[in-house]
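In what follows, a structure is listed as structure tokens, so that the remarks can point back to it.
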Amino acid sequence: MSEAISEKVKRSLQDLGIGDEAAVTALLGELRATLDRDLASGQDAETLRIHWLGRKQGLIGAANDNWLKTAPGPLKRVTGKLINELRKHAEESIDALKNAATQELAGERVDVTLPGIRREIGAHHPVQWVMQEIEEIFRSMGYSVETGPEIETDYYNFEALNFPPDHPARDTQDTLFLAGSGNYLLRTHTSPVQIRTMEKQKPPVRAVVLGKVYRRDAPDASHSFMFHQMECFAVDTNVSLCDLKGTLNEFTRRFFGPHVKTRFRPSFFPFTEPSAELDIGCLICGGSGCPVCKRTGWVELLGSGMIDPALYGFVGYDPEKVSGFAFGCGADRLALMKYGINDIQLLWQGDKRFLRQFR
Ligand code: PHE
């Protein structure tokens, strides 16, 4: 788009000093050369059309107005003829550009009749099903659902749960500490949420906790460095061991079915006194003995006990007035038993053929 020619079309032939046919032909040749450069410049067809053929500011229209109309008699015919030829050339070339652009688009058009790419539908994870079911069982008994952080402090994971510093019971937890963080660790159990809940809530408290916990365990068929726990606890006046047993019976029957057998075995946890572990009759062999129950007919299910009164001192409860129970266990293990899965590693390998079965 030569500046010169766009200026020239604004002036008359007299002004430009053009007085014979050769000069007119040269002038229109210059205009045509400019047009051809524009056509080859890669500009889009509509921009070119407005610039050259536009009704108001098009160069060819201006040439028509300023040159043809001022052309002296003998030059009118040739000027008109050359301008018309130029207009025709411009129209055809710009149309051709337009068509080429449309065809290019057509080549890219999406064929809406092609079959789509099917999106895979996600599935509930078996541990999710188990946790959801546990949550529903305890909600129906009037429990609230509480959560706490997975990155915990020594205080909540141990100290306030009555693990004295350097007490050997800490070793049993295989704790993963956060490097360089001073006091932070990955919680080894959901029991710290007992403390966190009692700190913010006066008795009576009835709560269930479901969440991830971490331990420095070598992975094998029954160990994983990350797993899920469920924790349940209740504090009120006159809560007794009978309440604990009744609640455990109710929970195990609703979760595993009405015929499940249970038994208590004495145990130890720093935060419960007395403590007991609950076994259930093996669901695989029905109690006659198999590899899963190591031929005993019983499978360890969970840890439980009456909340040690020492804990109440940490949360400002009066140990003379209240009492409570707590129990907790691995939700992953519940899933293994419920669905008859024999390797905990299967849960976290992300194999779709495995996971698909739990939709
Ligand atoms: N927190 C214990 C564990 O992880 C389980 C437990 C919970 C035991 C509540 C007693 C009471 O082993």
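Ligands are counted one by one from 1 in listed order, and the atoms in each one are counted from 1 as well.
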Only distances under 3.5 Å count here; give the side-chain donor-acceptor pairs of residues 238-246 to other protein atoms, sequence neighbours excluded, each with its distance to 0.1 Å.
residue : atom : partner : partner atom : Å
S240    : OG   : C242    : N            : 3.2
S240    : OG   : D243    : OD2          : 3.4
D243    : OD2  : S240    : N            : 2.7

Please output the side-chain donor-acceptor pairs of residues 95-103 that fall under 3.5 Å, not counting sequence neighbours, one pair per line with the distance.
residue : atom : partner : partner atom : Å
K98     : NZ   : E46     : OE1          : 3.3
T102    : OG1  : K98     : O            : 2.8

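Sorted by first and then second residue, the ring-ring contact (aromatic ring centres under 6.0 Å, His included) pairs with a member in residues 182-226 read H189-F271; sequence neighbours excluded.
Not one N or O on the side chain of R87 forms a donor-acceptor pair closer than 3.5 Å with the backbone of L53.
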Quick one: ligand 1 N/O to protein N/O pairs below 3.5 Å?
residue  : atom  : partner : partner atom : Å
ligand 1 : 1 (N) : H189    : ND1          : 3.0
ligand 1 : 1 (N) : S191    : OG           : 2.9
ligand 1 : 4 (O) : R215    : NH2          : 3.0
ligand 1 : 4 (O) : Q229    : NE2          : 2.9

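Aromatic ring centroids of W52 and H89 lie 6.0 Å or more apart.
With rounding to the nearest 0.5 angstrom, the CD atom of Q194 is 9.5 Å from the SG atom of C232.
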